[in-house]
Amino acid sequence: MKFNYDVIVVGAGHAGCEAAAAAANLGSKTLLITMDMNRMAQMSCNPAVGGIAKGQIVREIDALGGYMGIVTDKTAIQFRMLNRSKGPAMWSPRAQSDRMKFSETWRNILENLPNLFIWQDTVSEILVENATVYGVRTALNIEFRSKAVILTTGTFLNGLIHVGAVQLPAGRISEPPVYGLTQQLQQLGIRSDRMKTGTPVRIDARSIDFSDLTEQPGENDFKKFSYLDTVSCSLKQLSCWTLFTNEECHEVLRQGLADSPLYNGQIKSIGPRYCPSIETKIITFADKTRHQLFLEPEGENTREYYLNGFSSSLPFRIQMEALTKIPAFKNIHIYRPGYAIEYDFFDPTQLTHTLEVKSIHNLFFSGQINGTTGYEEAAGQGLIAGINAHINCHGGIPFTLKRDEAYIGVLIDDLVTKGVDEPYRMFTSRAEYRILLRQDDADMRLTEKSYQLGLADKCRYDLMISKRQYRDELIRFIENYSVKPEQVDALFKQVETAPLNHGCKLVEILMRPQISLNDLTHSLPELNAKLSQLPLSRREEIIEATEIAIKYSGYIKREKLIAAKIDRLENFNIKDKFNYLEIQSLSTEARQKLQKINPQTIAQASRIPGISPNDINVLLVLMGR
């Protein structure tokens with residue numbers, strides 16, 4: 001019996017779920033293979049989605065027609081907008097989710113998608129012939145044929161958990177690792193390496209003294225992840241809590257360092273710089289007498305809490321003793337200790353911008369297999385891999401996003417151009433055009449692209465078009481509406497901004513940082529009437545989009561000009577046009593790196609570490625420019 005599909009997705013983590021959904025929704029007959037159907041889109045680490053730059057990625061996924069934003073909104077038990085004190089380019093949405101309901105909601109979506117089929121098993125072999133993938137073989141010795149395969153293996157390839165001297169082969173706690181795939185891919189010429197990540201203890205809330213903690217409630221305004229106005233949450237909203245370690249806690253940790261796998265040579269792979277273990281913190285920041293911790297609820301009805309900031313691979317005894325030195329935890333009971341996990345990944349410079357392996361046609365990698373960390377980075381890659389696997393099967397132009405179009409574009413370009421030497425995590429600082437990549441306008445940037453592709457549906461597209469129309473009409477009103485000084489004098493005194501000496505257009509008033517449109521509604525009845533005409537369910541979203549477009553118009557225009565200049569270099573295709581090793585006018589480092597990566601364009605070449613402006617000038621001369 002033959003089992004034939006267009007696309008096979010291996011692994012049902014955040015990358016695999018988005019990849020399978022995208023391919024199926026575009027029309028490909030898709031098979032999603034997972035080791036455990038009860039753990040789809042498992043939140044293996046903290047029960048949260050979004051955060052600095054990650055929240056922007058989730059809004060981009062939603063704008064493109066993916067599901068992470070929808071699932072998060074439906075299962076959120078807290079929502080907050082981070083970085084409100086900074087400009088809107090830095091605002092980043094973040095939500096706590098009910099971990100069990102998050103996975104359950106994803107499974108319900110996937111099981112009901114047309115064209116999507118699910119199989120519970122472990123993939124043991126990728127089937128390749130003439131440098132082209134044609135299917136997979138599973139542990140049950142069943143062969144599934146396909147035109148494309150997407151690997152989203154997370155931390156399962158040769159996964160090894162560390163808790164002190166104890167080592168457990170596992171992909172996650174209590175889940176078996178996957179053996180054989182790394183070795184097979186190495187034999188096919190694909191370079192691999194090892195990485196490490198970790199997770200902290202899970203605590204029983206009944207053993208916590210909350211009177212010693214500082215409450216961190218969520219927000220209840222209009223903001224959420226999905227742009228759809230039909231998505232909402234009915235779950236009880238819960239607080240997070242903050243606390244600090246102390247010197248007594250640190251002393252216990254220091255005494256246990258000899259038994260730390262990170263410091264006794266037991267772990268040899270590289271861990272994440274930006275999410276260090278507690279033992280790394282007390283060494284790297286030896287002058288600090290305390291470190292902040294965040295206690296996060298795992299769900300609406302569970303007593304389980306996640307201790308953010310206390311990731312550790314120390315022996316269980318050391319973790320427990322250190323925690324009991326914190327007053328709120330003096331009677332602590334935990335469900336399981338923190339642990340570190342080592343796993344295999346593959347150098348992402350071996351991929352194209354579509355996330356297809358350069359040396360094997362129709363084989364795609366996405367997620368932690370590419371050296372990234374984080375649910376959001378994985379989901380963004382999965383969406384792009386799923387789209388392009390479908391395109392490879394049915395024809396069409398490869399779908400990629402540029403650095404000035406999306407954080408997802410920045411993420412993938414960084415991976416395939418620069419590679420990774422530690423688990424890659426997205427930050428706003430990685431994006432040179434972050435004023436253009438704000439969380440508020442991901443739908444304006446991306447929904448039309450996805451609609452033309454066939455992924456975003458007409459309902460989503462129409463919502464975006466109407467939002468743009470309402471915003472632009474409101475901007476025109478603001479640019480043409482005249483205001484007299486006496487209309488706003490009282491407000492200006494209240495917010496302590498300089499008074500008007502003469503009448504002016506409303507747009508000039510709104511340019512003042514102290515003034516918002518909502519502030520002006522009591523002073524300007526015509527404005528209030530105009531805002532009242534906006535659809536109630538989306539009114540605040542449209543008002544915010546209008547204000548940002550006006551207040552930051554100068555910055556936005558300048559960044560668009562810069563992006564346009566750089567974009568011209570993206571038109572100079574140089575892939576396969578040179579034997580770089582023979583170009584003596586290039587530096588030795590440039591020859592070696594250009595030969596290894598074989599960049600698609602001049603612009604991509606310019607972003608490779610070690611490539612100088614002089615090297616780029618040499619290539620431009622050789623191109624006749």
Side-chain angles (χ1 to χ4, degrees), residues 14 18 41 43 45-99 101-102 105-106 216-233 235 237-240 294 296-297 308 374-380 383 406-408 410-411 425-431 434-447 460 463-464 467 537-545 547-548 552:
H14 302 276
E18 290 288 1
M43 302 181 100
C45 203
N46 62 325
V49 170
I52 307 302
K54 293 169 174 280
Q56 282 88 327
I57 291 176
V58 180
R59 296 218 90 189
E60 290 173 355
I61 290 168
D62 185 75
L64 288 164
Y67 288 97
M68 179 174 257
I70 293 172
V71 174
T72 302
D73 287 342
K74 286 184 175 182
T75 61
I77 52 178
Q78 188 192 93
F79 187 94
R80 294 179 67 217
M81 184 65 73
L82 307 183
N83 279 345
R84 281 186 183 272
S85 61
K86 300 179 181 179
M90 307 296 283
W91 296 352
S92 300
R94 184 182 190 270
Q96 297 291 133
S97 277
D98 184 303
R99 185 168 62 87
K101 289 185 172 69
F102 187 94
T105 302
W106 250 117
Q216 191 178 59
E219 301 169 356
N220 292 306
D221 64 5
F222 68 94
K223 292 185 174 66
K224 55 191 181 72
F225 277 107
S226 180
Y227 290 96
L228 297 177
D229 57 1
T230 55
V231 178
S232 61
C233 179
L235 301 187
Q237 297 300 287
L238 302 175
S239 292
C240 293
F294 298 86
E296 303 174 346
N308 198 337
Y375 311 143
E376 304 81 4
E377 290 91 339
L383 186 68
Y407 271 94
I408 296 173
V410 175
L411 163 68
R425 180 179 178 181
M426 179 53 73
F427 293 100
T428 51
S429 58
R430 295 191 189 273
R434 54 185 172 271
I435 294 175
L436 303 181
L437 306 183
R438 307 180 312 277
Q439 60 83 31
D440 65 275
D441 76 335
D443 54 342
M444 304 284 196
R445 292 185 273 121
L446 300 174
T447 295
R460 183 181 291 279
L463 275 173
M464 183 276 295
K467 175 182 170 182
S537 64
R538 306 169 67 211
R539 183 174 300 164
E540 293 302 321
E541 179 186 349
I542 294 166
I543 290 172
E544 181 182 85
E547 285 193 357
I548 291 172
Y552 294 88

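Side-chain atoms are counted along with the backbone in the values below, which use heavy atoms only and exclude waters and symmetry mates.
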Can a donor-acceptor pair be found, under 3.5 Å and without considering hydrogens, that links the side chain of [X] to the backbone of [Y]?
{"X": "Glu60", "Y": "Tyr407", "answer": "yes"}
{"X": "Trp91", "Y": "Lys86", "answer": "yes"}
{"X": "Thr447", "Y": "Met464", "answer": "no"}
{"X": "Arg538", "Y": "Leu463", "answer": "yes"}
{"X": "Glu544", "Y": "Asp440", "answer": "no"}
{"X": "Gln439", "Y": "Phe225", "answer": "no"}

Does [X] come within less than 4.0 Å of [Y], counting only side-chain N to carboxylate O?
{"X": "Arg425", "Y": "Glu377", "value": "no"}
{"X": "Glu540", "Y": "Lys223", "value": "no"}
{"X": "Arg539", "Y": "Asp229", "value": "no"}
{"X": "Arg80", "Y": "Glu296", "value": "no"}
{"X": "Arg460", "Y": "Asp62", "value": "yes"}

Calculate, to the nearest 0.5 Å, the distance between atoms [atom1] and [atom2] belonging to [X] and [Y] respectively.
{"X": "Ile57", "Y": "Tyr375", "atom1": "CD1", "atom2": "OH", "result": "14.5 Å"}
{"X": "Ile548", "Y": "Arg438", "atom1": "CD1", "atom2": "CZ", "result": "5.5 Å"}
{"X": "Ser226", "Y": "Asp443", "atom1": "OG", "atom2": "CG", "result": "10.0 Å"}
{"X": "Asp98", "Y": "Ile77", "atom1": "CG", "atom2": "CD1", "result": "6.0 Å"}
{"X": "Arg99", "Y": "Asn46", "atom1": "CZ", "atom2": "CG", "result": "11.0 Å"}
{"X": "Leu436", "Y": "Arg434", "atom1": "CG", "atom2": "CZ", "result": "11.0 Å"}

### Message
Quick check: do Pro297 and Pro47 have side-chain heavy atoms less than 4.5 Å from each other?
### Response
no

### Message
Could you check whether Arg59 makes a cation-pi contact with Tyr227, meaning its NZ or CZ is under 6.0 Å from the centre of the six-membered ring and within 45° of the ring axis?
### Response
yes

Where [X] and [Y] come nearest, the two heavy atoms and their spacing:
{"X": "Ala76", "Y": "Cys233", "value": "O-SG, 3.1 Å"}
{"X": "Gly66", "Y": "Leu383", "value": "CA-CD1, 4.2 Å"}
{"X": "Ile70", "Y": "Val231", "value": "O-CG1, 3.9 Å"}
{"X": "Tyr552", "Y": "Gly87", "value": "OH-CA, 3.9 Å"}

### Query
Could you go step by step and tell me if Glu376 and Arg94 meet the salt bridge (charged side-chain N to carboxylate O under 4.0 Å, His left out) rule?
CA-CA 11 Å; Glu376 304 81 4; Arg94 184 182 190 270; over 6 Å; no

### Task
Go through the steps for Gln56 and Leu437 under the test side-chain contact (heavy atoms from CB on, under 4.5 Å), then give the verdict.
CA-CA 8 Å; Gln56 282 88 327; Leu437 306 183; over 6 Å; no

### Task
Mind checking ring-ring contact (aromatic ring centres under 6.0 Å, His included) for Phe222 and listing every partner two or more places apart, or none if nothing turns up?
none

### Query
Asn83 and Ser92: side-chain donor and acceptor closer than 3.5 Å?
no

## Note on the structure
Applied to residues 66-79, the side chain to side chain donor-acceptor pair (under 3.5 Å) test, sequence neighbours excluded, yields Asn25-Tyr67, Thr75-Ser97

### Query
When you look at Asp221 and Met81, which way does the side-chain contact (heavy atoms from CB on, under 4.5 Å) test go after all the steps?
CA-CA 10 Å; Asp221 64 5; Met81 184 65 73; over 6 Å; no

### Task
Begin from the C-alpha positions of Gln96 and Val49 and carry the test side-chain contact (heavy atoms from CB on, under 4.5 Å) through to its verdict.
CA-CA 6 Å; Gln96 297 291 133; Val49 170; over 6 Å; no

### Message
Show, in sequence, the C-alpha distance, side-chain angles and deciding distance for Ile61 and Glu18, and conclude whether the side-chain contact (heavy atoms from CB on, under 4.5 Å) test is met.
### Response
CA-CA 9 Å; Ile61 290 168; Glu18 290 288 1; 3.5 Å; yes

